[in-house]
Amino acid sequence: MVPHSSMRPVRVRFAPSPTGSLHIGGLRTALFNWLFARHQGGKFILRIEDTDQKRFDPTALTTLTEALRWAGLQWDEGPEVGGEFGPYVQSERLEHYQKWANWLVENEKAYKCFCTPERLKQVNEDKEVRGEPKGYDRNCRNLSAEEAASKEANGESYVIRFKMPLDGKTVVTDAVRGEVSFDNATQQDLVLLKSDGFPTYHLAHVVDDYLMQISHVMRAIEWFPSYPFHVQLWVAFGWEIPIYAHLPIMLNPDGSKMSKRNPPIDKHGNPIPVMVHDYIPNGYLPEAMTNFLANIGWNFGDDREFFTMQEAVERFDLTRINPANSRYPAEKLDWLNGQHIMALSTNELAVRLKPYIERAGLAVKDDLLARVTPLVQERIKRLDKVVEIAGFFFRDEFQPPTAEMLPQKKMSAEQTKSALEQSHRLISELSDFNTQVLHEAMEKLAQELKLSNGQLFGVIRVAVTGQQVSTPLFETLDILGRESALTRIQLALDILSKKSEQVILQP
RNA sequence: GCCCCAUUCGUCUAGAGGCCUAGGACGUAGCCCUCUCAAGGCUAAAACAGGAGUUCGAAUCUCCUAUGGGGCACCA
């Protein structure tokens, strides 16, 4: 049994490597850490694991913090905010790793390995031929002190490898999966410190989690196989081991691994974005995104799937984490996004809608937007869709319908024309011009014209909005105003008559 | 190939030996409401991977098989 810490102040960390924008899988890992920290009244720390010099991307850190802030996952310690255990960027902490790697060597828990990459490759190839498991053959583990010293004096470059126990078992206790036993004989003497003086993940995470007093390590399942190695590292150092919780991962809808190279595809064959930054211009609310992610691999505890982050914080606990991987339930995000849009106050929704309308090249007058917003609130599942359904309110130039769009189901050209003429007359004669008056008068007119409401209202809708699908008609007319309504109806009439002329002219 | 993990409707999930005739949600289909589209309401189809055990009783415990996934770097 391996000792685990308990009763320590809760300190958790999200430790991405800055290789680009944040992946939604990464966002979920961050979210679970954040929820846990908030629930426990602990600290959520952001640490940047940039120890791979080959994959350095200077813009990635900004993109990363932007994505976390967008999602509302503010960190208590880390880049941009500081903290007493800094620096929080691993490339600025090299002295720690070198110090502790050397400590392990001095205490004979690690050794210098002078094997070249070529030899390592050869070893693996030979092993493959013989049908043996791959891995380093521990050639340098038994080098005498003199041999090692002389190689080093010769200027041969080396890495530092951990001396993994050669037999016995390492039993780990994962908070999600329980006890799991590994044979030490199947484990490797992994590299702790690379020849360029940078640590590998294995060393860096243990040293940093120790120095930063991390109480719980919640990380993705791909780390599970190296968990026994990490446990032995903690033991070698003689440090108290934090509680580990390995989170399941999200798979593509078809069950394959989610990655940039293998992007998920929705049921219509369209690619599903995997980067957080792709969701922002698509009109997704951060609260919907986090709500969505919280429902994958974790559940609220009763049958609710729609909840706020505050509610999730109150309920979050490790015992409800499902150990199985899950496929990405893309449709649920749209539903939840719609739910969150409906839950917003009108004012708040208007504020969020504005940039999407402007991005479509339209000018937004705030008073107009305030009146349009309630009309779209329960009709859009994504913020950017406001342009589709209500963009006509904001366009300087009206885009009129074609003549073919005007007649509604089973209406003759004559009926359509008369519907427009009578509506025009009615609207111009109305003493009051508002939603209710319009509604009553138009219903009456439909009866007189022996048209269904759908037919009459549909014709006017198309005439006035230029589209078959729109916000509700009478509210729309009210906002547009009488003048504009009359002008557009007249225009529809003109369009209709032009068409009939053309018909006559045709042989 | 080796090591490890997982497996409940199409998908996300509830389920800790009898409350299971397996519940909820998304999606799908139908109906209702209805000026379009939504929203909302109602209804329907839809699952314990397979096989052996243990037990009076198994979705729940054990084993085997299958399938899926993770890992086997001087990447994280």
Side-chain angles (χ1 to χ4, degrees), chain A residues 15-17 19 49-52 54-55 113 115-117 120-121 124 127-128 131-136 157-161 174 176-177 180-183 185-188 190-196 198-202 204-205 219-228 246 248-249 251 253 255-257 267 292 295-306 320 322-336 338-339 342 376-381 388-389 408 439 442-443 446 452-462 465 467-474 476:
Chain A
S17 60
T19 55
E49 310 217 323
D50 60 343
T51 57
D52 185 3
K54 296 184 211 83
R55 296 203 296 176
C113 168
C115 294
T116 61
L120 261 27
K121 197 171 166 234
N124 267 334
K127 286 195 172 197
E128 198 164 354
E132 291 172 18
K134 285 188 274 185
Y136 179 54
S157 78
Y158 62 89
V159 300
I160 292 179
R161 286 182 184 272
D174 180 77
V176 175
R177 267 150 251 273
V180 181
S181 172
F182 294 84
D183 273 330
T186 64
Q187 301 294 314
Q188 302 281 319
L190 294 177
V191 172
L192 300 174
L193 200 71
K194 305 180 222 175
S195 55
D196 63 2
F198 277 71
T200 60
Y201 170 84
H202 307 103
H205 113 261
R219 43 142 63 155
I221 187 66
E222 49 256 44
W223 292 111
F224 197 76
S226 47
Y227 185 14
H246 288 90
I249 55 168
L251 273 19
S256 64
K257 188 179 178 176
K267 57 185 177 184
F292 168 70
N295 273 314
I296 304 172
W298 183 74
N299 70 84
F300 198 68
D302 55 25
D303 285 334
R304 287 179 61 194
E305 296 191 20
F306 173 74
R320 300 204 70 83
N322 186 339
N325 294 337
S326 56
R327 300 179 187 205
Y328 185 81
E331 334 75 52
K332 237 171 190 172
L333 175 59
D334 282 352
W335 171 72
L336 273 171
Q339 295 290 308
M342 284 192 274
V376 301
Q377 186 149 24
E378 61 185 30
R379 293 186 164 74
I380 53 172
K381 286 201 165 125
E388 243 168 66
I389 190 170
Q408 299 302 293
H439 194 137
M442 291 288 281
E443 259 180 356
S452 72
N453 288 348
Q455 289 174 315
L456 206 220
F457 301 172
V459 173
I460 306 306
R461 173 193 321 284
V462 172
T465 68
Q467 44 195 58
Q468 297 283 6
V469 174
S470 81
T471 45
L473 181 59
F474 306 110
T476 301

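Within every chain, numbering begins at 1; the chains are lettered A, B, ... in the order of the sequence lines, protein sequences first and strands thereafter.
- If you check B:C35, B:U36, B:C74 against the side chain of A:His439, the one that comes closest is B:C35.
- Dashed line: the shortest gap from a side-chain N or O of A:Lys54 to OP1 or OP2 of B:C75 is under 4.0 Å.
- Separation of the A:Phe306 and A:Phe292 ring centroids does not fall under the 6.0 Å cut-off.
- Across every non-hydrogen atom of A:Ile249 and A:Asn325, the tightest pair is N-OD1, 2.9 Å.
- Looking at every heavy atom in both residues, A:Val159 comes nearest to A:Ser195 through CG1-N, 3.6 Å.
- Listed pair A:Thr51 / B:A76 meets the phosphate criterion, a side-chain N or O lying under 4.0 Å from OP1 or OP2.
- Across the protein-nucleic acid pair, A:Tyr328 atom OH and B:U11 atom C1' stand 13 Å apart, rounded to whole Å.
- In this structure, A:Ile460 and A:Met442 approach most closely via the heavy-atom pair CG1-CE, 3.5 Å.
- Spacing between atom CG of A:Leu473 and atom C1' of B:C35 amounts to 6 Å, rounded to whole angstrom units.
- No engagement by A:Pro228 is indicated, since no non-hydrogen atom pair under 4.0 Å with the nucleic acid exists.
- One interatomic measurement links the two molecules: CD1 of A:Ile160 to P of B:C74, which rounds to 14 Å at whole-angstrom precision.
- Residue-level contact check: A:Gly301 touches neither bases nor backbone, having no heavy atom under 4.0 Å from any strand.
- For B:G68, the paired base is B:C5 (Watson-Crick or G-U wobble, both distances below 3.5 Å).
- Residue-level contact check: A:Ser17 touches the backbone only, with heavy atoms under 4.0 Å from sugar-phosphate atoms and none from bases.
- Between A:Lys194 and B:C75 there is a side-chain N or O to OP1 or OP2 distance below 4.0 Å.
- Among residues two or more places apart in sequence or in another chain, the side-chain hydrogen bond (donor to acceptor under 3.5 Å, both in side chains) test is passed with A:Tyr136 by none.
- Checked by atom type and distance alone, the side chain of A:Gln467 pairs as donor or acceptor with a backbone atom of A:Val469 at under 3.5 Å.
- With sequence neighbours left out, A:Thr465 forms a side-chain hydrogen bond (donor to acceptor under 3.5 Å, both in side chains) with no residue at all.
- Picking from B:C12, B:C74, B:A76 the nucleotide with the shortest atom distance to the side chain of A:Glu49 gives B:A76.
- For B:C26, the paired nucleotide is B:G10, the pair qualifying as Watson-Crick or G-U wobble because both relevant distances are below 3.5 Å.
- With rounding to whole Å, A:Asp334 atom CG is found 14 Å from B:C12 atom C1'.
- Nucleotides B:G53 and B:G68 are separated by 25 Å at their C1' atoms, to the nearest Å.
- The interatomic distance linking A:Lys127 (NZ) with B:A73 (C1') rounds to 14 Å, in whole Å.
- Checked against side-chain hydrogen bond (donor to acceptor under 3.5 Å, both in side chains), A:Asp196 has no partners two or more places apart in sequence or in another chain.
- In this structure, A:His246 and A:Ile221 approach most closely via the heavy-atom pair CB-CD1, 4.0 Å.
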Please write out the pairs of protein N or O atoms and N or O atoms of nucleotides 58-63 of chain B separated by less than 3.5 Å, giving the distance to one decimal.
none

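- Of all nucleotides present, none satisfies the Watson-Crick or G-U wobble test against B:A16 with each distance under 3.5 Å.
- B:G15 and B:A22 have their C1' atoms separated by 8 Å, with the value rounded to a whole Å.
- Counting any heavy atom pair closer than 4.0 Å across all strands shown, A:Gly135 reaches no nucleic acid atom.
- Checking B:A39, B:C75, B:C74 against the side-chain heavy atoms of A:Met342 singles out B:A39 as nearest.
- Judged by distance alone, with hydrogens and angles left aside, the side-chain atoms of A:Lys257 form no donor-acceptor pair with the main-chain N or O of A:Leu251 at under 3.5 Å.
- Counting non-hydrogen atoms under 4.0 angstrom, A:Arg327 reaches the backbone sugars and phosphates but no base.
- Across all strands shown, B:U36 remains unpaired; no Watson-Crick or G-U wobble contact has both distances below 3.5 Å.
- The two residues A:Pro248 and A:Asn322 have their closest heavy-atom pair at CG-O, 3.1 Å.
- As a whole-Å value, the separation of A:Lys257 NZ from B:U67 P is 21 Å.
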Contacts under 3.5 Å, N or O only, protein and nucleotides 41-51 of chain B:
none

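- Annotation: side-chain hydrogen bond (donor to acceptor under 3.5 Å, both in side chains) contacts of A:Glu132 (sequence neighbours excluded): A:Arg130.
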Each nucleotide of nucleotides 20-27 of chain B classed B (base within 4.0 Å of a protein heavy atom), S (only sugar-phosphate) or -, in 5' to 3' order, makes ---BBBBS

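- Side-chain atoms of A:Lys121 do not come within 3.5 Å of backbone N or O of A:Thr116 as any donor-acceptor pair.
- Using a 4.0 Å heavy-atom criterion, one finds that A:Gly454 contacts the sugar-phosphate atoms exclusively.
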Could you run down the sub-3.5 Å N/O contacts of the protein with nucleotides 3-6 of chain B?
residue, atom, partner, partner atom, Å
B:C5, O2', A:Arg177, NH1, 2.8

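- When rounded to the nearest whole Å, the span between CD of A:Gln408 and C1' of B:U36 equals 8 Å.
- Looking at A:Ser326, its side chain has no donor and acceptor atom pair within 3.5 Å of the base of B:C12.
- In this structure, the salt bridge (Lys or Arg N to Asp or Glu O under 4.0 Å) partners of A:Arg177, at least two apart in sequence or on a different chain, are A:Asp174.
- Between the A:Glu128 side chain and the A:Pro133 main chain, no donor and acceptor come within less than 3.5 Å of each other.
- Rounded to whole Å, the separation between the C1' atoms of B:U65 and B:A38 comes to 50 Å.
- Under 4.0 angstrom from either OP1 or OP2 of B:G40 there lies at least one side-chain N or O belonging to A:Gln339.
- A:Val180 meets the side chain to side chain contact (heavy atoms under 4.5 Å, CB included) test with A:Val172, A:Phe182, A:Phe224; sequence neighbours excluded.
- Checking side-chain atoms of A:Thr200 against main-chain N and O of A:Val191 turns up a donor-acceptor pair under 3.5 Å.
- Within the 6.0 Å centre-distance limit, the rings of A:Tyr201 and A:Trp223 are counted as a close aromatic pair.
- Remark: B:A59 base-pairs with no nucleotide in the shown strands. Criterion, Watson-Crick or G-U wobble with two distances under 3.5 Å.
- Comparing the P positions of B:A52 and B:G27 gives a spacing of 40 Å, expressed to the nearest Å.
- Considering only residues two or more places apart in sequence or on other chains, A:Glu388 meets the salt bridge (Lys or Arg N to Asp or Glu O under 4.0 Å) condition with A:Lys385.
- Annotation: B:C64 and B:U28 have their C1' atoms spaced 38 Å apart (nearest Å).
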Enumerate the protein-to-nucleotides 15-17 of chain B contacts in which both atoms are nitrogen or oxygen and the separation is below 3.5 Å.
residue, atom, partner, partner atom, Å
B:G15, OP1, A:Arg320, NH2, 3.3

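- We find that CE of A:Met442 is positioned 12 Å from P of B:C35, with the value rounded to whole Å.
- One N or O on the side chain of A:Thr186 and one on the backbone of A:Asp183 form a donor-acceptor pair closer than 3.5 Å.
- Residue A:Leu193 is out of contact with every strand shown, counting any heavy-atom pair closer than 4.0 Å.
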